[in-house]
J.: 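Could you have a look at this structure, given as structure tokens, before my questions?
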Amino acid sequence: MYAIIKTGGKQYRVAKDDVIEIEKLKDKTTNDKVVFDQVLAVGEGADLKIGTPVVNGAAVEAEVVEAGKSDKVIVYKYKAKKDYRRKQGHRQPYMKVKVTAIEA
């Protein structure tokens with residue numbers, strides 16, 4: 001059985017024991033439990049339930065495995081012939097979560 005969940009403005013297809021990398025969640029640290037209640041679809045094959053927009057009563061439980069920052073992305077701005085240069089770096093925070101249960 002799998003589910004499609006929505007978190008951080010993105011959608012993820014998850015199954016039990018999957019480890020996914022999502023946008024950072026506030027107030028969560030390693031080994032915390034997380035419940036995703038925005039389940040867009042749940043089931044498999046002929047038993048697939050599709051929500052409008054979410055499936056009522058469905059939830060996905062997960063556990064935070066790791067929190068960190070992704071690789072640095074360099075942003076460089078310049079204007080030709082004007083002696084204007086700006087270099088800036090950005091590291092996006094993320095969380096790795098392991099799906100422990102899917103409730104349909």
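Quick note: residue numbers are just sequence positions, from 1.
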J.: Closest approach of R13 and D18, non-hydrogen atoms and distance?
T.: O-OD2, 4.3 Å
J.: Are L25 and V39 connected, step by step, through hydrophobic side chains (Ile, Leu, Val, Met, Phe, Trp, Tyr) whose heavy atoms are closer than 4.5 Å?
T.: yes
J.: NZ of K6 to CG of D37: how many Å apart, nearest 0.5 Å?
T.: 11.5 Å
J.: Measure the spacing between CZ of R86 and NZ of K79 and express it to the nearest 0.5 Å.
T.: 10.5 Å
J.: Are E63 and N31 close enough that some pair of their side-chain heavy atoms sits under 4.5 Å apart?
T.: yes
J.: Hydrophobic clustering (ILVMFWY, side-chain heavy atoms < 4.5 Å, transitive) - are L40 and V97 grouped together?
T.: no
J.: Does the side chain of I22 reach to within under 4.5 Å of the side chain of F36, using non-hydrogen atoms?
T.: yes
J.: I'd like to check V35 versus V60 (side-chain heavy atoms, cut-off strictly below 4.5 Å). Are they in contact?
T.: no
J.: Using a strict cut-off of less than 4.0 Å between a Lys/Arg side-chain nitrogen and an Asp/Glu carboxylate oxygen, indicate whether E61 and K33 qualify as a salt bridge.
T.: no
J.: Just wondering, more than 12 heavy atoms not from D17 lying within 6.0 Å of its CG?
T.: yes
J.: Quick one: do the H90 and Q92 side chains pair a donor with an acceptor below 3.5 Å?
T.: yes
J.: Keeping the roles fixed (side chain from R91, backbone from K72), state whether a donor-acceptor pair exists under 3.5 Å.
T.: no
J.: With heavy-atom distances below 4.5 Å as the criterion, would you say the side chains of I102 and V42 are in contact?
T.: yes
J.: Tell me, do E23 and Y94 make a side-chain contact under 4.5 Å, heavy atoms counted?
T.: no
J.: What distance do I20 atom CD1 and K96 atom NZ have between them, rounded to the nearest 0.5 Å?
T.: 11.5 Å
J.: Any chain of hydrophobic side-chain contacts (each under 4.5 Å) joining I5 to V19?
T.: no
J.: Locate the shortest heavy-atom distance separating V54 from Q38; write the atom from each residue and the value.
T.: CG1-CA, 4.1 Å
J.: Output the distance between atom CD (E103) and atom CE (M1), rounded to the nearest 0.5 Å.
T.: 9.5 Å
J.: If you compare all heavy atoms of R85 against all heavy atoms of Y76, which two are closest, and at what distance to 0.1 Å?
T.: CG-OH, 3.0 Å
J.: Under a single-linkage definition using a 4.5 Å side-chain heavy-atom cutoff for Ile, Leu, Val, Met, Phe, Trp and Tyr, are L48 and I4 assigned to the same hydrophobic cluster?
T.: yes
J.: Is there a side-chain contact between Y2 and V14 in this structure, where contact means two heavy atoms from C-beta onward sitting under 4.5 Å apart?
T.: no
